[in-house]
Amino acid sequence: MELLQLQYFLTVARMEHVTEAARSLHVTQSSLSKTIQRLEEDLGVPLFDRKGRKLRLNEFGSKFFCRVERALFELEQGKLELSDLSNPEHGTLELAVTTASTLPNILREFRKKRPDIQFHVQMLTTQEMVTLLHRGEVDFCLASPPIQEDGIECQVVYIDPILVAVPRGHRLADRSIVSLRELKDESFVGVKRGYGTRDFVDSICKSVGFTPTYVYEGDEPARLIQLVEADIGIAFIPSTARESREQVKYLQVENHELVREIALLWHRSRYISRAAQEFREVVIDYFGDVRKLER
């Protein structure tokens with residue numbers, strides 16, 4: 001049994017399609033199919049139920065998948081650890097966020113301490129983030145709401161009030177506080193379902209008797225203020241993402257009904273490099289300073 005066979009097996013199992021898996025691995029379909037076939041011959045059992053070019057793990061494959069994923073995860077952590085020990089001043093931090101508004105300031109502070117460390121940041125939905133965490137493919141995630149799952153460490157770093165952004169000419173623009181129920185007939189702009197803050201806001205609105213009507217749903221939270229300014233709709237905006245604009249007014253939600261938690265997440269078994277440890281300290285210190293400024 002070869003390491004390459006196991007890596008190919010994981011990719012096919014996750015994608016459930018030979019053509020797509022071959023494209024992802026940059027190999028031919030015939031080469032990939034032969035590799036999987038040899039693995040099954042070595043094991044003496046079929047791992048997939050086949051239907052054309054689609055494959056789905058059978059009972060044998062599902063059991064084997066868990067073992068292989070864990071084994072390759074540990075090998076990857078060993079590589080990360082050796083790389084960190086041999087060259088601690090360089091490397092790349094793998095980061096994922098569902099909430100990016102505070103990230104530029106955090107990265108700026110970290111870069112002052114570790115200028116030679118590179119970053120790779122992904123904006124993901126909550127489910128995409130959970131998948132990468134379980135695979136051990138990211139060092140840290142900054143997410144809202146927090147994720148509570150086996151194997152994932154979760155540290156809440158900030159309690160973030162969510163505001164209502166309205167254009168200056170809006171009927172509520174002369175107010176400073178609004179109740180959620182007063183917004184039931186409004187048109188909203190927001191991010192798509194699957195992003196943590198959107199799902200959280202929708203659930204809170206539903207609990208007080210209405211479902212927000214969205215006239216725009218996108219992947220770029222930073223664009224929402226521009227849409228509010230253009231009078232396309234109103235928006236729920238976390239206080240950490242607030243932008244001062246002459247034509248936009250921000251209202252607090254009555255009785256603090258809408259408050260999100262921002263959490264730092266990491267896989268319990270992923271190797272945490274010295275740079276990653278310092279990044280975690282920067283995140284905690286940053287939000288500590290934000291809280292001090294609010295007092």
Side-chain angles (χ1 to χ4, degrees), residues 1-29 31-51 53-85 91-98 120-143 146-155 194 196 263-273 276 280:
M1 194 182 305
E2 300 173 2
L3 186 60
L4 189 65
Q5 289 177 313
L6 301 180
Q7 292 168 336
Y8 282 12
F9 165 71
L10 276 191
T11 302
V12 173
R14 286 167 178 165
M15 305 190 85
E16 297 185 338
H17 198 285
V18 174
T19 303
E20 293 176 6
R23 189 179 298 120
S24 172
L25 292 165
H26 306 291
V27 298
T28 64
Q29 294 179 36
S31 174
L32 178 57
S33 296
K34 288 176 183 176
T35 300
I36 296 299
Q37 187 177 351
R38 283 198 303 272
L39 176 61
E40 291 177 319
E41 290 171 355
D42 289 343
L43 294 170
V45 294
L47 300 172
F48 296 94
D49 292 328
R50 290 167 169 80
K51 189 174 182 181
R53 297 197 181 280
K54 287 200 168 187
L55 299 94
R56 188 176 295 272
L57 289 172
N58 59 24
E59 183 179 0
F60 297 124
S62 295
K63 297 287 186 185
F64 191 59
F65 177 86
C66 295
R67 301 284 187 179
V68 172
E69 190 172 49
R70 192 180 312 159
L72 294 188
F73 174 89
E74 289 299 333
L75 286 173
E76 184 62 27
Q77 301 319 298
K79 286 169 59 181
L80 290 173
E81 185 171 8
L82 294 180
S83 176
D84 182 45
L85 291 172
T92 300
L93 274 179
E94 294 289 343
L95 307 172
V97 297
T98 62
H120 179 235
V121 183
Q122 301 179 70
M123 181 81 178
L124 301 175
T125 65
T126 301
Q127 189 51 54
E128 289 169 337
M129 183 174 286
V130 168
T131 298
L132 291 191
L133 278 167
H134 281 305
R135 291 182 186 174
E137 294 181 12
V138 287
D139 291 293
F140 289 108
C141 297
L142 204 57
I147 296 169
Q148 305 291 343
E149 290 208 10
D150 291 343
I152 296 177
E153 296 287 350
C154 175
Q155 181 176 359
L264 190 66
L265 311 168
W266 64 95
H267 192 290
R268 188 173 297 152
S269 299
R270 182 177 167 91
Y271 176 73
I272 300 179
S273 67
R280 181 167 58 192

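Just so it is clear, the values below take in all heavy atoms, side chains as well, and ignore hydrogens, waters and symmetry mates.
- To the nearest 0.5 Å, atom NE2 of residue His17 and atom CD of residue Gln29 are 8.0 Å apart.
- Taking CG from Leu72 and CG from Leu3, the interatomic distance works out to 6.0 Å, rounded to the nearest 0.5 Å.
- Between Ala143 and Thr98, the shortest heavy-atom distance links the atoms CA-OG1, 3.2 Å.
- The side-chain heavy atoms of Leu132 and Gln122, taken from C-beta on, include a pair separated by under 4.5 Å.
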Would Arg14 and Glu69 count as a salt bridge (charged side-chain N to carboxylate O under 4.0 Å, His left out) here? Give the steps.
CA-CA 11 Å; Arg14 286 167 178 165; Glu69 190 172 49; 3.0 Å; yes
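- Glu16 CD: more than 12 foreign heavy atoms inside a 6.0 Å radius.
- Between the Arg270 side chain and the Gly136 main chain, a donor and an acceptor come within less than 3.5 Å of each other.
- A salt bridge between Glu20 and Arg23 is absent, with no side-chain N of the basic residue lying under 4.0 Å from a carboxylate O of the acidic one.
- The aromatic rings of His134 and His267 stand perpendicular to each other, their planes meeting at an angle above 60°, with 30° marking the opposite boundary.
- Side-chain atoms of Val18 and Ser33, non-hydrogen and from C-beta on, do get closer than 4.5 Å to each other.
- The two atoms that bring Ala276 and Phe140 nearest to each other are O-CE1, 3.1 Å, heavy atoms only.
- Distance check, rounded to the nearest 0.5 Å: OG1 of Thr19 to NZ of Lys54 gives 11.0 Å.
- For Phe48 and Phe64, the ring centers are positioned 6.0 Å apart or more.
- Atom-to-atom distance recorded for Ile152:CD1 and Ser269:OG is 11.0 Å, nearest 0.5 angstrom.
- Between the side chain of Ser83 and the main chain of Lys79, no donor-acceptor pair closer than 3.5 Å is present.
- Residues satisfying the salt bridge (Lys or Arg N to Asp or Glu O under 4.0 Å) test with Glu153, not counting sequence neighbours, are Arg268.
- The shortest heavy-atom contact between Met15 and Ser24 is SD-CB, 3.8 Å.
- Within a 6.0 Å radius of CZ in Phe60, other residues, nucleotides and ligands contribute 12 heavy atoms or fewer.
- Considering Gln77, Glu76, Arg70 as possible partners of Phe73, the one that fulfils the side-chain contact (heavy atoms from CB on, under 4.5 Å) test is Gln77.
- Legend: side-chain hydrogen bond (donor to acceptor under 3.5 Å, both in side chains) pairs involving residues 2-13, not counting sequence neighbours: none detected.
- The heavy-atom pair separating Cys154 from Ile147 by the smallest distance is CB-O, 3.7 Å.
- Note: Glu59 CD to Asp49 CG = 10.5 Å, rounded to the nearest 0.5 Å.
- Note that CZ of Phe9 is 5.0 Å distant from CG of Leu57, once rounded to the nearest 0.5 Å.
- For the residue pair Leu142 and Met129, the shortest heavy atom distance occurs at O-CE, 4.0 Å.
- Under the 4.0 Å criterion applied to side-chain N and carboxylate O atoms, Glu40 and Arg50 are assigned as salt-bridge partners.
- Contact of the Thr92 side chain with the Asp139 side chain is not registered, since no non-hydrogen atoms from C-beta on lie closer than 4.5 Å.
- Taking each heavy atom of Arg280 and Ile272 in turn, the nearest pair found is NH1-CD1, 3.8 Å.
- Shown here are the ring-ring contact (aromatic ring centres under 6.0 Å, His included) partners of Tyr271, two or more places apart in sequence or in another chain: there are none.
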